[in-house]
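Not measured: the values here are computed from a predicted model. Because only heavy atoms are used, hydrogens play no part in the values below, and waters and symmetry mates are left out as well, while side chains stay in.
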Amino acid sequence: MKWKRFPRPRAHLPRPARPAPRGAQSRARPPASCARPRRPAPPGPDPRRGPAMAKRSSLSIRIVEGKNLPAKDITGSSDPYCIVKVDNEPIIRTATVWKTLCPFWGEEYQVHLPPTFHAVAFYVMDEDALSRDDVIGKVCLTRDTLAAHPKGFSGWAHLTEVDPDEEVQGEIHLRLEVVRGPGPCRLRCSVLEARDLAPKDRNGASDPFVRVRYNGRTQETSIVKKSCYPRWNETFEFELEEGAAEALCVEAWDWDLVSRNDFLGKVVFNVQRLWAAQQEEGWFRLQPDQSKSRRGEGSLGSLQLEVRLWDETVLPSGCYQPLVQLLCHEVKLGTQGPGQLIPLIEETTSTECRQDVATNLLKLFLGQGLAKDFLDLLFQLELGRTSEANTLFRSNSLASKSMESFLKVAGMRYLHGVLGPIIDRVFEEKKYVELDPSRVEVKDVGCSGLHRPQTEAEVLEQSAQTLRVHLGALLSALSRSVRACPAVVRATFRQLFLRVRERFPGAQHENVPFIAVTSFLCLRFVSPAIMAPKLFHLRERHADARTSRTLLLLAKAVQNVGNMDTPASRAKEAWMEPLQPTVRQGVAQLKDFITKLVDIGEKEELDLQRALSLQAPPVKEGPLFIHRTKGKGPLMSSFKKLHFSLTTEALSFAKTPNSKKSALIKLANIRAAEKVEEKSFGSSHVMQVIYEDDAGKPQTIYLQCKCVNELNQWLSALRKMSISNPGLLGSYHPGIFRGDKWSCCHQKDKSDLGCDKTRSRVTLQEWNDPLDHDLEAQLIYRHLLGVEAMLSPQGSTGPAVPGAAGPPGGPQIQPSQRTALGDKPPAGAADVRPAPHALTEPPARCSETPPWCAFSSSHHSVSLGSGA
């Protein structure tokens, strides 16, 4: 590899403090039972320290299936679904799987969170149409548990019983101090306020009070009615004996007039630590009461989960320029250049992480405008080591995985336009369709117009006719969609078509270029979307058993068309023969479609990209209910249904999707997007958007969504689009100002800053998210560090690197070129090795042209280190 020196950033770190003596360290270490206050966040980045880094946490969640769930319905079954909560905040709701005790979901999500989150919990619920849904059980994974599994938590977890005394949430603001005087010392506890307490009453709130216990004495605050954000500002004192081992316990309770009081959480303090600190103040997280015994594990069933925690420290863009420039330079040169970093990544990527690496690389090059060139390079590398045409792109190589990610990122909207109407029709018809004679069940098809059961032959014929209609409609929609296909997708397929035709010329390989295109378009994109429409955002719910079978048969037919109706595909399932005339006709249609699809020149590609950029699709759109006030009374309000659209410029609305839109809020004026307490309007799934009008005055609109998923999707979209706005709020009111006070904290000052913290960094990963170039560069760099040990030779005459010989027929990786990650680089080379030590403190700033840069990483913390 020809090395080139790039300007390299250096991280300037503060000098680490001198370690304390061993005895002092042991004395200063607090006991495990001692509660620590949550310190307030710093006011903001110091401009003298340069650009600030972003610390991000992400949870990759896959809810696979459940088994042996208890029956909650009188039919001896259940209708289970899952609710995912992060620190007791509902984030995700899966689809309901009807009438089963062993549900399969297979749903995947990625949630972005602040690094301070504590736990993620999975609640398995039973949906009921006429009454409140039943709770079956839960699985709770703390942050420490996830951090202890660097490769992620994967496997079956027993559901545990949901105990109301353990379902606590929120924080309490306390000030503790030891008061010395002429008499005995006194312990003073000031109970100031609390936030985000669990609502225990039917009105969606609680009536909280605080009970303080120490040394056999108990004192209580006043009761604040109907509030989850109470303010007390009350102080209590206790006599304090030096050397006493008694703990101070602060408990929050919900007062009830008739039934027993409900537990809201507690905080326990070690008095010995208070003696040493003299004073302590802060927000303390309420802890559950875990003194009760649990039901036997496994009696409530189990849940199979795959959860992985990613903690990233993303540096300013300039810190990643050497790596990004190196990758882009190599992709621009292609196989004609001397670069070997892309083949090196391909050779060292394991099967389990290949999809993640492919997605990160693809998004990085999309942001650089080099996605087509990157995929073209992978196509050439794959073709260089493929000798048989029938094995082309059949493995899960980096090229195949990158192309899958490319179609999902760049072609998802196109897929919705082509496939959406056909999928909707299948779901609406709910016809019984079966072609396999061994699976036909006459009882499922009902009776014909002559009031007699249908024969097996009639069932098969009607099923074949239904599938012919659906397949014909899909192929027709595909044939008409050439101009609707994104220009970058068309250009990429053109490169693939030409490369394959060059590699396999001749009449005997006439169909190979077409099959190469359909191997991605049909087999890895359209067919999976047909079989699992919810996972491709085509439907909100999973299909029932009858519809799933129809979708599976339709996907099989599409695969046969994509395989160009080869004898091998026909021989697998002979009972698909009734569809053969439609399949043969579809092959001709598909070849004609591909011929037109790849017939795009560079000028037409640029023109189409320019036209699409001028018609940027909305980031998020759909029907919402906007709050309208009819009068001054508390009940004189309602929600009106309108069609909302969020673009990169504004949040607008219209009466219908096709009517003229009116701009409601400029995107640059948004200050926060947060949830609203259920008790505020007596309705759930309400959000508020806080913004400034043209006169600079703060305003708030209230919008209601139809479900928790839609609520979080809208909040996520609004937060991501406004994350760079100046003046974002750090606190807000989760209630509304009604009458003369806020409904949440009962404060009478309408301009009060707020009683709860905003959650601007809690977002969901969506297929149409804007690209984050710095994050993708950080993820690629972390992967390179992970494989560094594999590439570093054990001395100058050490063993060869596995796979270093390169692909057959392709460019070779020479031993001297391994210096990219492991060896000492040659003179003038850019050194990307990690520093000899990993410092835990993040860099304060990134300079422009320092002498050299070194990175240090672990799975859960990645930061720049400084070298000598």
Taking the side chain as C-beta and beyond, is there a heavy-atom pair between [X] and [Y] under 4.5 Å?
X      : Y      : result
Val120 : Phe122 : yes
Val162 : Tyr123 : yes
Ile63  : Leu305 : yes
Val762 : Val86  : no
Glu710 : His685 : no
Arg213 : Phe238 : no
Lys748 : Lys741 : yes
Ile91  : Tyr109 : no

For the pair [X] (side chain) and [Y] (backbone), establish whether a donor and an acceptor sit closer than 3.5 Å, ignoring hydrogens and angles.
X      : Y      : value
Asn712 : Pro90  : yes
Arg759 : Lys675 : no
Asp256 : Asn261 : no
Ser743 : Gly735 : no
Asp207 : Asp254 : no
Asn215 : Leu240 : no
Glu234 : Ser222 : yes
Trp742 : Pro734 : no
Glu166 : Glu161 : no
Asn270 : Arg273 : yes

How would you list, by chain and number, every residue that makes a side-chain hydrogen bond (donor to acceptor under 3.5 Å, both in side chains) with [X], sequence neighbours excluded?
X      : result
Tyr229 : Asp756
Arg211 : Glu220
Arg93  : Thr96, Glu127
Ser154 : none

Salt bridge present between [X] and [Y] (N-O < 4.0 angstrom):
X      : Y      : answer
Arg231 : Asp752 : yes
Arg56  : Asp774 : no
Glu674 : Arg719 : yes
Lys138 : Glu167 : yes

By side chain to side chain contact (heavy atoms under 4.5 Å, CB included) - contacts of [X] (at least two apart):
X      : result
Val168 : Phe263, Pro288
Leu753 : Ser731
Ser58  : Gln110, His112, Trp310
Ser716 : Lys720, Thr763, Leu764

Smallest separation among heavy atoms of [X] and [Y], with atom names:
X      : Y      : result
Val271 : Leu248 : CG2-N, 4.1 Å
Ser57  : Asp311 : OG-OD1, 2.6 Å
Phe153 : Leu141 : CD2-CD1, 3.9 Å
Arg738 : Ser680 : NH2-O, 2.9 Å
Ala194 : Trp232 : CB-CZ3, 3.8 Å
Thr700 : Tyr691 : N-CE2, 4.1 Å

Enumerate donor-acceptor pairs with a distance under 3.5 Å from any side-chain N or O in residues 196-203 to protein atoms, sequence neighbours excluded.
unit_1 : atom_1 : unit_2 : atom_2 : d
Asp196 : OD1    : Gln169 : NE2    : 3.2
Lys200 : NZ     : Pro164 : O      : 3.3
Asn203 : OD1    : Ala205 : N      : 3.0

Approximate separation, where rounding is to 0.5 Å, of [X] [atom1] and [Y] [atom2]:
X      : Y      : atom1 : atom2 : result
Cys744 : Ile736 : SG    : CD1   : 9.5 Å
Ile670 : Ile690 : CD1   : CD1   : 11.0 Å
Tyr732 : Ser760 : OH    : OG    : 11.5 Å
Tyr781 : Leu785 : OH    : CG    : 4.0 Å
Arg308 : His149 : CZ    : NE2   : 12.0 Å
Arg195 : Cys228 : CZ    : SG    : 14.0 Å

Going by the rule salt bridge (Lys or Arg N to Asp or Glu O under 4.0 Å), which residues pair with Lys266 if we only count those two or more places apart in sequence or in a different chain? none
Test of understanding: with salt bridge (Lys or Arg N to Asp or Glu O under 4.0 Å), list the residues that count as partners of Glu776, not counting sequence neighbours. none
Chi angles and distances behind the side-chain contact (heavy atoms from CB on, under 4.5 Å) call for Leu309, Phe117: CA-CA 11 Å; Leu309 170 65; Phe117 87 96; 3.9 Å; yes
Sequence neighbours excluded - salt bridge (Lys or Arg N to Asp or Glu O under 4.0 Å) pairs with any residue from residues 678-693: Arg671-Glu692
Can the ring centres of Tyr214 and Phe236 be said to be less than 6.0 Å apart? no
Between Trp714 and Leu651, does a side-chain contact (heavy atoms from CB on, under 4.5 Å) hold up when you go through it step by step? CA-CA 11 Å; Trp714 272 102; Leu651 176 65; 4.0 Å; yes
Is the count of non-hydrogen atoms from other residues, nucleotides or ligands lying under 6.0 Å from Lys226 atom NZ greater than 12? no
Look at atom CD of Gln279 and say whether more than 12 heavy atoms of other residues, nucleotides or ligands are closer to it than 6.0 Å. yes
Using 30° and 60° as the class boundaries, would you call the ring planes of His173 and Trp283 parallel, tilted or perpendicular? parallel
Check against side-chain contact (heavy atoms from CB on, under 4.5 Å), Val686 and Leu703: CA-CA 6 Å; Val686 180; Leu703 304 172; over 6 Å; no
